[in-house]
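Notes follow the structure.
Chain letters run A, B, ... following the sequence lines, proteins first and then strands; every chain starts at 1.
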Amino acid sequence: MAIAYNKRTCDCGTLRASDIGKEVILAGWVNNYRDHGHNLVFIDLRDRGGITQCRFNVDTDPEATQIARTLRKEDVIAVRGEVISRGENVNPKLPTGEIEVSIKEVNVLNKSATPPFEVADHVEASEDLRLKYRFLDLRRGPMQKGIITRHKTLQAFREFYYSEGFLDIETPILTKSTPEGARDYLVPSRVWPGNFYALPQSPQLFKQLLMISGFDRYMQIARCFRDEDLRADRQPEFTQVDLEMAFVDVENVLDVVERSLAHVWKKVIDVDVPVPFRRMKYDEAMRDYGTDKPDLRYGMKLIDISDVARKTEFKVFQEALAAGGVVKAICLKGGAAMTRKETDGLTAEIQGIGAGGLPLCKVAEEGGKVVLQTGIAKFFTGETVGELVQKMDAAPGDILFFAAGSFANVCKHLNWLRITLAERRKLIPPGKWEFLWIVDMPAFEWDEETGKWVFLHHPFTMPHDEDLPILESNPGAVRAKCYDIVLNGVELGSGSIRIHSLDTQYRIFRMLGISDEEARQKFTHLLTALQYGAPPHGGLALGLDRISMLLAGLSTIREVIAFPKTQKAFDPLTECPSEVDQKQLDELGIDLNPTIKAIKAKKKEK
RNA sequence: GGGGCCGUAGCUCAACUGGUUAGAGCAUCGGACUGUCGAUCCGAAGGUUGCGGGUUCGAGCCCCGUCGGCCUCGCCA
């Protein structure tokens, strides 16, 4: 007789001692089987809810037991039986461990081929293989947890923003290519041969248009696409919690965003996050941490010791200072215990990101006096030792690492070192959530390569009102009404107050070396709209993948994306991107260039 | 595009300084077993060492190239 698998009485995670005596129908996957020979077979049955042990006894239910003997991992079955006590044999590892189901009847709904890797909580398979068989990987407990965390995060964000009067409005996926910023993914048009849509890097311009349309509070869970190289926290397609508000200034945006994050943290992991968040000026972040997304869970600030360095004979310091650079250092408490091998390893690594080397010295005590040892210790003489130690707030047993050069390079290298040391030496306290706003960023940055000013955020960002007069005369000093939200060293999102005046918008474009005509060509729709009564507005976009990742306690967003791509933007599951039929290309009026054709032909030969 | 780590059985890994027939655990298959829960015990089967070249009497190991994965710098308004 067939078991009504469409009438499951509960899932595999819910039965408890209080259910003893009930007849239940369960369905799911065979997680494991233990065949005890003569009379007993145990099947661990798994579904989204959890695992329930099913007991088959040949004495009472010979038919079911016979079938149970043939079951293998990942077979899909439905069972009917009675919830019974496990007596002495409770399994404390399982929430359902007090009970088991004595099976009277079992149906095999589908057999499974032997899985290429074990579907278990602990990961054994390589990520490559897991991606190829993602549907199996997603059966694993931790993966289900990550996906569910993401769902809860989405739900909590929507809940919050809906309750605050935000309207959820969709924007196009097929849109116009803008050569600025990241590379676009292009979509060829059949109806307009030779023309292309682009997938949106973000709904930026559309949300601004919505403000001009009068939908003064907009939000969207928006898919965004950028054809750039990937990282652990970057995918070619990712999801933003996108929002925009009209008639607001910086304060209003920060307020609603931090409350939304507090709401999400409460709902998803039941953590109370105090608001308002700490704020730090961009300059301060760069000065003390060498990055615009500092991790405040630990110390090791970057300290400028240029004054002391100037008094030394160390060539590296002298050359850097002469070239207008800086000398900075960080102090690792208790780091003097590091071996030569360890510090040599760090040196090699920091050279790998472009540093010339890694000057260092250890702080020790000799005859009641604080002294420096090893490395570049000998260059500090007389009172410079005391000065350095005092500046660095160092004590015997510590180690000091130095970096000399341009401000940008010193920041890059010491920031890398600070993070690396904190991670490797486990200096990061668990369970800490250090939210931080980075504000007052510069609006523009000088680009050595092109010899032009470029925007740091995007060209629609409003400068500080009081900086508008110096827009042309001193662009580097202009601050932007721009803000980044940072959590534990991860950039969660960024936003700005936008320019709503057409004149100002043209002024900015001109400043960036974009002519009025060029601007009109690229951003017709926005510039036109700005003529028709654009309200002051601003907003922000949050990275949903990163937020879910942090909430789930993971270190890559791939773990909270059901079907992610590899570092080369390849999907091993569907094996895309892939070639297409010549017919499809013909229809689009696309011909591959001869070089690509030749490479493809060569590959086929092999 | 640059740097680093990696690629050996279905999976995770081992294999000394280049040296016999490339091993182990898990999974698979067969058998045994009255309470297991990462079951246990006995047995079997399982290999183009990513791919292509080179050096060598001899290559999993050395060299060159190439493909793929991960981390990272550049890049990502």
For the [atom1] atoms, the ones on [N] and on [M], what distance do you get once it is rounded to whole angstrom?
{"N": "B/A15", "M": "B/U49", "atom1": "C1'", "value": "11 Å"}
{"N": "B/U40", "M": "B/G19", "atom1": "C1'", "value": "40 Å"}
{"N": "B/U48", "M": "B/C64", "atom1": "P", "value": "27 Å"}
{"N": "B/C6", "M": "B/U28", "atom1": "P", "value": "31 Å"}
{"N": "B/G23", "M": "B/C16", "atom1": "P", "value": "13 Å"}
{"N": "B/G47", "M": "B/C57", "atom1": "P", "value": "32 Å"}

For a quick check of understanding: with a heavy-atom distance under 4.0 Å over all strands, which category does [X] fall into, base, sugar-phosphate or nothing?
{"X": "A/Pro116", "result": "sugar-phosphate"}
{"X": "A/Ser202", "result": "base"}
{"X": "A/Asp128", "result": "sugar-phosphate"}
{"X": "A/Glu127", "result": "sugar-phosphate"}
{"X": "A/Glu74", "result": "nothing"}
{"X": "A/Phe444", "result": "nothing"}
{"X": "A/Leu230", "result": "nothing"}
{"X": "A/Leu94", "result": "nothing"}

Where is the tightest heavy-atom contact between [X] and [Y], given as atom of each residue plus distance?
{"X": "A/Phe444", "Y": "A/Pro475", "value": "CD1-O, 3.6 Å"}
{"X": "A/Val90", "Y": "A/Glu98", "value": "CG2-CA, 4.2 Å"}
{"X": "A/Leu573", "Y": "A/Lys132", "value": "CD1-O, 3.1 Å"}

Handout entry: Cation-pi geometry met for A/Arg72 and A/Tyr33 (6.0 Å, 45°)
Key =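 A/Arg72 over A/Tyr33 ring: yes.
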Take the protein atom [atom1] of [X] and the nucleotide atom [atom2] of [N], then report the distance between them rounded to whole Å.
{"X": "A/Arg134", "N": "B/G69", "atom1": "CZ", "atom2": "C1'", "value": "14 Å"}
{"X": "A/Asp35", "N": "B/U28", "atom1": "CG", "atom2": "P", "value": "13 Å"}
{"X": "A/Leu573", "N": "B/G69", "atom1": "CG", "atom2": "P", "value": "14 Å"}

Hey, does the side-chain of [X] have a donor or acceptor N/O within less than 3.5 Å of a partner on the base of [N]?
{"X": "A/Arg86", "N": "B/C37", "result": "yes"}
{"X": "A/Arg130", "N": "B/C11", "result": "no"}
{"X": "A/Arg226", "N": "B/C76", "result": "no"}
{"X": "A/Glu100", "N": "B/G35", "result": "yes"}
{"X": "A/Gln53", "N": "B/U36", "result": "yes"}

Exercise for the section: Just say parallel, tilted or perpendicular for the rings of A/Phe135 and A/Tyr133, cut-offs at 30° and 60°. Expected result: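 Aromatic pair A/Phe135/A/Tyr133 classed perpendicular.
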Exercise for the section: Determine, answering yes or no, if A/Phe42 is stacked on B/U36 under the 5.5 Å centre rule and the 30° plane rule. Expected result: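 Aromatic stack with B/U36 present for A/Phe42.
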Exercise for the section: Indicate whether the side chain of A/Arg498 and that of A/Ser496 have a donor and an acceptor atom separated by less than 3.5 Å. Expected result: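 The criterion, which ignores hydrogens and geometry beyond distance, is satisfied for A/Ser496 and A/Arg498.
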Exercise for the section: Nearest-nucleotide wise, let me know which of A/Arg72 and A/Asp59 is further upstream toward the 5' end of RNA chain B. Expected result: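 Closest to the 5' end, via its nearest nucleotide, is A/Arg72.
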Listing time: all N or O pairs from protein to nucleotides 1-9 of chain B that are below 3.5 Å?
none

Practice task
Using a cut-off of 6.0 Å, state whether more than 12 heavy atoms not belonging to A/Arg183 lie near its atom CZ.
Solution key: no
Handout entry: N-O pairing of A/Asp233 and A/Arg546 below 4.0 Å
Key =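 Salt bridge flag = yes for A/Arg546 with A/Asp233.
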